[in-house]
2 protein chains.
Amino acid sequence: MSNGKTWTLKSIAQELGVSNATVSNAFNRPDQLSEKRRVEILAACNKLGYFGPNKAAQSLRKGKFNTIALVLSDSVAYMVSDPVASRFMKGVAAELEQHKVNLLLFSGSAESVNDVIDFVDGFICYGRPRNSALVGQLKQVKKKVVTVDFNIHRSASVEVDNQTSAYDVAKLAIHSEQDQLAILGLRLLDTSLICRVYDIHQMEIDTSVAHQRLQGYLDAIADSHATLGNDRIWNIPESNVELAAIAAKEALSCNPRPNVFLCMSDLIALTVMSEAQQLGLRVPEDVRIVGFDGIDEALRSVPPLTTVYQHSESKGRKAAEMFMADAHHAEVLDYELIRGGSC
Amino acid sequence: MSNGKTWTLKSIAQELGVSNATVSNAFNRPDQLSEKRRVEILAACNKLGYFGPNKAAQSLRKGKFNTIALVLSDSVAYMVSDPVASRFMKGVAAELEQHKVNLLLFSGSAESVNDVIDFVDGFICYGRPRNSALVGQLKQVKKKVVTVDFNIHRSASVEVDNQTSAYDVAKLAIHSEQDQLAILGLRLLDTSLICRVYDIHQMEIDTSVAHQRLQGYLDAIADSHATLGNDRIWNIPESNVELAAIAAKEALSCNPRPNVFLCMSDLIALTVMSEAQQLGLRVPEDVRIVGFDGIDEALRSVPPLTTVYQHSESKGRKAAEMFMADAHHAEVLDYELIRGGSC
DNA sequence: CTGTTAGCGCTTTCAA
DNA sequence: TTGAAAGCGCTAACAG
């Protein structure tokens with residue numbers, strides 16, 4: 001570590017023989033002193049190793065932090081390796097970088113936003129946080145909030161029409177009334193277990209992404225008069241290959257075997273595809289599969305996956321944009337149906 | 001937004017008819033007042049809607065922030081979607097979450113760490129930042145620093161032996177003196193262009209990951225007496241499929257066509273594999289390929305990729321651990337050779 | 001254009 | 001156990 005003296009605005013002002021207001025102005029309000037004087041002061045500061053006012057003190061004083069908290073729906077550790085969440089973060093980061101605003105990652109499983117609220121100018125909240133207490137807190141917060149993929153009925157939100165898009169992609173997969181459906185759901189239940197979801201009608205119909213997609217699927221199935229047995233909906237707690245493989249194996253070994261798989265993420269869909277192929281089943285001849293999200297890997301699979309492409313990166317960018325612009329409306333983003341070869 | 005009054009320690013103390021020191025103690029130093037009194041005060045605060053001392057003021061006073069900055073080697077937007085960096089972040093996040101320490105993502109292309117230095121307790125720096133000025137700043141910083149995959153000769157570091165691992169995996173790929181090599185490098189040059197790298201001997205041999213790997217490859221080639229033409233090293237500026245595909249096409253259309261491809265990332269290797277297969281070449285019979293990193297997708301490819309598996313998540317965890325423990329040594333992490341079917 | 005001063009909201013001696 | 005007061009480092013209003 002360098003052993004130079006640690007300067008403060010005050011001490012440096014004293015050293016230079018000017019008042020601290022002058023130094024402060026030199027850094028923050030160029031119009032308050034002569035160009036010449038400002039340059040002199042800045043140069044002197046730089047030589048002495050004073051690199052500008054302490055940001056923490058500055059922020060305390062101004063009530064402005066140049067930092068926003070991105071509240072994720074789950075732990076940071078989990079979200080950062082989720083391909084869809086990553087793309088979203090990428091969009092947020094890209095936009096914030098332009099505004100020179102720092103990004104603080106915050107876990108949706110944390111106990112309280114209080115830990116960071118005094119450090120940030122506000123929140124972008126990506127998906128309903130796993131700890132639902134946070135939602136209540138966010139409603140009370142006296143700072144800017146932009147919600148994504150859900151809405152807390154205040155301030156701004158960015159959403160995609162999950163229900164309609166799920167309906168659309170399901171329609172692509174269902175070909176006849178004879179089709180036997182299976183739904184591989186992501187986080188339909190608040191559990192870390194892989195299990196069937198039986199009483200969908202008793203489920204609290206909330207605004208979570210999973211439930212919106214489920215509703216879309218169910219509508220499509222009803223409209224098509226196809227069959228969805230009451231033991232044909234799975235809950236998968238996390239979008240990862242290991243868990244998905246277990247559910248996929250279960251689903252593929254049902255009797256009668258489903259021939260259409262509606263999957264709430266591409267990772268799940270790709271896993272079903274791979275499991276099916278290992279059983280010697282052909283996609284789409286024997287088994288049709290659709291995913292959701294439109295991750296890169298889905299384009300590269302054989303056959304490529306039919307899925308709903310979400311503009312996750314744009315979503316992130318939009319959310320950050322709305323935050324910066326202090327927007328107060330709800331923005332609904334487009335989606336695209338990708339017709340791969342899996343159905 | 002809630003319209004309740006915004007309490008401060010002072011105003012709440014006044015309201016409760018006690019001194020502000022008492023309120024402060026109730027929240028921070030339970031031993032300084034009776035249990036009964038403490039509980040009373042806390043309950044009263046909670047009822048009135050005061051959720052504890054303002055963290056920004058607290059931090060300014062204490063000089064402790066419970067936040068660390070993760071300095072990435074490139075822009076946050078880019079790093080967050082890189083599979084290897086993601087795993088690293090996952091490890092860091094998991095460890096910090098346990099300590100209830102917040103994570104601030106910081107771009108390696110930013111101008112100066114000054115923007116955040118006053119908000120954080122220190123830095124974890126993942127890879128040499130693209131803006132090399134940051135390295136100099138980090139050396140001066142009077143706060144904790146842990147570097148990863150490079151070393152600034154102060155405080156702690158976590159590293160993997162890139163050179164030896166590259167050597168090892170290259171040895172797996174090279175079978176005879178007749179082999180025609182190609183190296184698809186990642187960020188060997190400070191440019192955003194895809195191009196050949198000619199004068200490797202004039203290159204500043206630095207401690208960047210890319211150069212260490214290159215040295216490992218070159219050693220392996222030399223030891224095997226195989227052939228690496230002087231126009232057979234490519235620079236790819238980013239690890240993504242589009243850029244990799246361009247370089248892969250170039251490399252595959254060389255005459256004589258290389259039959260061994262040493263790739264500095266799995267994504268690059270997978271892209272070469274896919275391009276080769278599209279040309280009707282068989283892997284590994286016609287073309288042998290090795291990657292680096294050991295991402296999930298590499299295990300699932302056909303054939304699975306031979307590569308070096310880095311324990312990226314452990315690396316992240318370790319870096320955070322060392323930060324929290326205020327370690328000062330250099331830690332060298334293990335790697336594993338994964339023998340897939342691609343060579 | 002420059003200097004003085006009152007806080008931002010808090011913690012922590014120190015004396016009572 | 002409590003209260004008064006100094007000060008963390010800074011900004012902004014105001015007076016000169």
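Convention: sequence-line order gives letters A, B, ...; per-chain numbering from 1. Any value given below was found using the heavy atoms of this structure, including those in side chains, with hydrogens, waters and symmetry copies removed.
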I'd like to know whether B:C45 forms a side chain to side chain contact (heavy atoms under 4.5 Å, CB included) with B:F27, so could you lay out the CA-CA distance, the side-chain angles of the two residues, the decisive distance to 0.1 Å, and finally the verdict.
CA-CA 10 Å; B:C45 287; B:F27 280 99; 3.9 Å; yes
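Proximity of the aromatic rings of A:F106 and A:F119 is defined here by a centroid distance below 6.0 angstrom, and this criterion is not met.
Here B:S34 lies in heavy-atom contact (under 4.0 Å) with sugar-phosphate atoms only.
Judged by distance alone, the side chain of A:R187 and the main-chain N or O of A:P237 form a donor-acceptor pair under 3.5 Å. A donor-acceptor pair under 3.5 Å is formed between the side chain of B:D121 and the backbone N or O of B:N66.
In the displayed structure, A:K64 atom NZ is contacted under 6.0 Å by more than 12 heavy atoms of other residues, nucleotides or ligands. When the shell of 6.0 Å around CG of A:D190 is examined, it contains 12 or fewer heavy atoms from other residues, nucleotides or ligands.
Considering only heavy atoms from C-beta on, B:M324 comes within 4.5 Å of B:L96 through its side chain.
Residue pairs meeting the side-chain hydrogen bond (donor to acceptor under 3.5 Å, both in side chains) criterion with at least one member in residues 18-27 of chain A, sequence neighbours excluded: A:S19-A:T22, A:S24-A:N28, A:N25-A:R29.
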Pull out every protein N or O sitting under 3.5 Å from an N or O of nucleotides 8-12 of chain C, one pair per line with the distance.
| residue | atom | partner | partner atom | Å |
| --- | --- | --- | --- | --- |
| C:dC10 | OP1 | B:Y50 | OH | 2.9 |
| C:dC10 | OP1 | B:N54 | N | 2.6 |
| C:dC10 | OP2 | B:L9 | N | 2.2 |
| C:dT11 | OP1 | B:N28 | ND2 | 2.7 |
| C:dT11 | OP1 | B:Q58 | NE2 | 2.5 |
| C:dT11 | OP2 | B:S24 | OG | 2.8 |
| C:dT11 | OP2 | B:N28 | ND2 | 3.4 |
| C:dT11 | O2 | B:R61 | NH1 | 2.2 |

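A nucleotide of DNA chain D counts as in contact with chain B when one of its atoms lies under 4.0 Å from a heavy atom; the first and last such, 5' to 3', are D:dT1 to D:dC8.
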